[in-house]
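To start, the structure under review is shown below, and the notes come after it.
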2 protein chains.
Amino acid sequence: MKDLVFDFISKYISLTEDERNAILSTDLFQSVKKGTVLLREGQKSKESYFVLKGCIRVYYIKDGEEKTTAFCTEMDAFTPHCVINKTPSEYFISCVEDTTLTVSNSEMEAEINSKFPKFEIMCRMLSEELLAKQRIDFDEFKTSSPEQRYLNLLQKRPDLIQRVPQHQLASYLGIKPQSLSRLRSRILEKSKE
Amino acid sequence: MKDLVFDFISKYISLTEDERNAILSTDLFQSVKKGTVLLREGQKSKESYFVLKGCIRVYYIKDGEEKTTAFCTEMDAFTPHCVINKTPSEYFISCVEDTTLTVSNSEMEAEINSKFPKFEIMCRMLSEELLAKQRIDFDEFKTSSPEQRYLNLLQKRPDLIQRVPQHQLASYLGIKPQSLSRLRSRILEKSKE
DNA sequence: TAAAATCGTTCACTTAAGTGAAGAAATGAT
DNA sequence: ATCATTTCTTCACTTAAGTGAACGATTTTA
């Protein structure tokens with residue numbers, strides 16, 4: 001399982017024995033049960049996540065309703081806004097499934113980065129990449145209809161539709177659960193013809 | 001005008017005389033006329049932008065229609081996806097107004113970063129910050145209606161509504177120009193009551 | 001300055017999403 | 001195993017966005 005982290009890192013930089021050990025000595029790995037809440041609204045956290053197995057979900061509670069805005073699955077990294085901004089969190093993060101992930105705190109990261117400048121480079125590359133990728137996702141969202149977004153998701157992350165409850169998917173697609181249900185049956189009708 | 005860049009940088013790191021000169025020697029600054037296209041679909045570019053004055057616009061052309069997805073104004077940085085990914089660009093970037101900006105290419109950035117590790121740190125901080133901020137914007141977009149998005153924009157970037165054509169704003173809000181027009185008159189009616 | 005092109009608004013109509021309610025199905029708890 | 005809760009779907013109705021067209025108003029360009 002720990003190899004997955006090193007596989008991931010190797011996409012950006014190559015590590016010496018020392019550097020590998022520095023990471024392993026930090027006791028990053030956690031296994032959490034389905035339903036566990038990792039971060040709550042209002043909380044001040046310094047923790048970043050990297051999902052090895054399972055699925056975590058980012059959601060707001062507005063007018064008593066859950067609004068899901070992100071799912072992180074295998075090999076997804078997530079640093080909450082509150083960590084960067086040092087403000088109370090605007091949202092919750094919880095586990096959709098039993099999940100294995102790394103949890104790193106920002107002070108520890110800063111320490112490793114200053115000890116091994118290579119990590120600084122990796123973090124820069126990774127966040128630049130994620131920024132650009134997220135912008136494309138945002139662009140696709142803006143320029144397509146709910147139905148197109150659903151079909152797009154079916155292409156790009158077919159697993160999500162299986163492993164995640166419909167009503168959570170709905171707000172992820174920017175619509176209500178009833179609309180997702182209707183939209184799905186509309187698509188089904190079309191494909192029959 | 002060049003001071004603006006150093007004001008911006010000073011939010012992240014402090015510079016020595018040497019470092020300032022390294023930047024100034026790179027001949028980064030450009031003034032471009034309204035309507036100039038900085039990047040075209042299909043093009044392979046290595047250029048990143050930082051707007052000092054004016055406004056640039058990111059847009060796709062799908063089915064012969066322009067779909068605007070971003071506006072960068074004073075103090076906004078933008079690195080196109082194609083620069084990070086080394087693929088042909090999916091979108092166009094052009095100037096909404098006469099614009100003064102810095103244009104830096106990724107090779108030059110890499111050189112400066114390796115010469116002055118401080119810059120590497122700044123780039124990491126900046127892209128982490130933009131990533132987190134953009135995620136919040138995306139979340140807001142997903143969880144609100146076109147009307148709420150418009151009112152939100154009116155709060156956060158009131159200048160945009162003045163300086164940008166309505167039909168470009170419309171796709172930025174994820175709707176058609178006619179819908180934006182209708183939505184605006186609906187809001188006007190409400191405020192009269 | 002005159003003609004042409006672009007832009008913003010309005011209208012009538014169509015399509016799809018929001019809402020509230022109801023019921024079936026699946027899930028979780030005791 | 002049963003009861004309770006949650007989840008998903010369906011329905012009728014409301015609201016708002018998409019579409020195509022028309023018409024000034026503005027801007028561009030020749």
Side-chain angles (χ1 to χ4, degrees), chain A residues 33-37 55 57 59 61-68 71 94-98 141-154 160-190 192-193, chain B residues 33-37 55 57 59 61-68 71 92 94-98 141-154 160-193:
Chain A
K33 282 258 161 275
K34 175 176 175 174
T36 307
V37 178
C55 178
R57 170 179 150 251
Y59 60 101
I61 298 187
K62 289 190 177 177
D63 318 314
E65 275 199 0
E66 282 188 8
K67 307 266 190 178
T68 298
F71 295 101
S94 77
C95 299
V96 175
E97 307 167 348
D98 291 355
F141 193 94
K142 269 185 186 166
T143 59
S144 56
S145 67
E147 186 169 325
Q148 287 172 316
R149 280 175 220 151
Y150 178 77
L151 291 170
N152 192 28
L153 192 67
L154 212 53
L160 265 195
I161 288 152
Q162 303 306 321
R163 67 207 286 194
V164 156
Q166 300 288 328
H167 66 284
Q168 291 174 8
L169 267 185
S171 52
Y172 183 69
L173 293 168
I175 55 176
K176 302 283 162 181
Q178 297 96 315
S179 298
L180 176 56
S181 194
R182 179 169 39 204
L183 175 163
R184 278 157 56 94
S185 62
R186 197 163 62 222
I187 290 170
L188 207 68
E189 282 310 306
K190 281 182 195 167
K192 273 186 194 169
E193 287 163 14
Chain B
K33 283 257 161 276
K34 175 176 176 174
T36 307
V37 179
C55 178
R57 169 179 150 252
Y59 59 101
I61 297 187
K62 289 191 177 176
D63 317 315
E65 274 199 0
E66 283 189 7
K67 307 266 190 178
T68 299
F71 295 102
F92 296 78
S94 77
C95 299
V96 175
E97 308 168 349
D98 290 356
F141 192 94
K142 268 184 186 168
T143 60
S144 56
S145 66
E147 185 169 325
Q148 288 172 316
R149 279 175 221 151
Y150 178 78
L151 292 170
N152 193 28
L153 193 67
L154 214 53
L160 266 195
I161 289 155
Q162 303 307 319
R163 66 207 286 194
V164 156
Q166 298 291 325
H167 67 284
Q168 290 174 8
L169 267 185
S171 52
Y172 183 68
L173 293 168
I175 56 176
K176 301 284 163 182
Q178 297 95 316
S179 297
L180 176 55
S181 195
R182 178 169 41 204
L183 175 163
R184 279 157 56 92
S185 62
R186 197 162 62 222
I187 290 170
L188 208 67
E189 283 309 306
K190 282 183 194 166
S191 68
K192 273 186 193 166
E193 287 162 15

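Using a 3.5 Å distance cut-off with no hydrogens or angles, the side chains of A/Ser179 and A/Arg182 do pair a donor with an acceptor.
In this structure, the CD atom of A/Glu65 is 11 Å from the C1' atom of C/dG18, given to the nearest Å. Regarding B/Ile187, its CD1 atom lies at a distance of 15 Å from the C1' atom of C/dT9, rounded to whole Å. Between the CD atom of A/Gln178 and the C1' atom of D/dT9 there is a distance of 9 Å, given to the nearest Å. Distance CD (A/Gln162) to P (C/dA26): 15 Å, rounded to an integer number of Å. In this structure, CG of B/Asp63 is placed 14 Å from C1' of D/dT19, rounded to the nearest angstrom. Regarding B/Gln148, its CD atom lies at a distance of 14 Å from the C1' atom of D/dT15, rounded to whole Å. The distance between atom CG of A/Leu180 and atom C1' of C/dA17, rounded to the nearest whole Å, is 12 Å. Residue B/Ile175 contributes atom CD1, which lies 13 Å from atom C1' of C/dG8 at whole-angstrom precision.
Of the candidate nucleotides C/dA21, C/dG18, D/dA17, D/dA17 has the atom lying nearest to any side-chain atom of B/Ser179. Closest approach to the A/Gln166 side chain among C/dA17, D/dA17, D/dC8 is made by D/dC8 (side chain taken as heavy atoms from C-beta onward). Comparing C/dA17, C/dG8, D/dT19 against the side chain of A/Pro146 picks out C/dA17 as the nearest. Comparing atom distances between the B/Arg186 side chain and each of D/dA17, C/dG8, D/dC8 picks out D/dA17 as nearest. Distance from the side chain of B/Pro165 is smallest to C/dG8 among D/dT19, C/dT19, C/dG8.
Between A/His167 and D/dC8 there is a side-chain polar atom (N or O) within less than 4.0 angstrom of OP1 or OP2. Between B/Ser181 and C/dT9, a side-chain N or O to OP1/OP2 separation shorter than 4.0 Å is present. The shortest distance between the side-chain N/O atoms of B/Arg184 and the OP1/OP2 oxygens of C/dT9 is below 4.0 Å.
In this structure, B/Tyr59 and B/Phe92 have parallel ring planes: the angle between them is below the 30° cut-off, well short of the 60° mark.
At most 12 heavy atoms of other shown residues, nucleotides or ligands fall within 6.0 angstrom of atom NZ in B/Lys34.
In this structure, the side chain of B/Thr68 does not engage the main chain of B/Ser171 through any donor-acceptor pair within 3.5 Å.
For B/Arg182 against D/dG18, a side-chain-to-base donor-acceptor contact under 3.5 Å is present.
Checking B/Lys34 against B/Glu147, the closest nucleotide of DNA chain D that is more toward the 5' end is the one next to B/Glu147.
Results of the side-chain contact (heavy atoms from CB on, under 4.5 Å) test with A/Glu147 over A/Leu183, A/Asn152, A/Ile175, A/Leu173 single out A/Leu183 as the only residue that passes.
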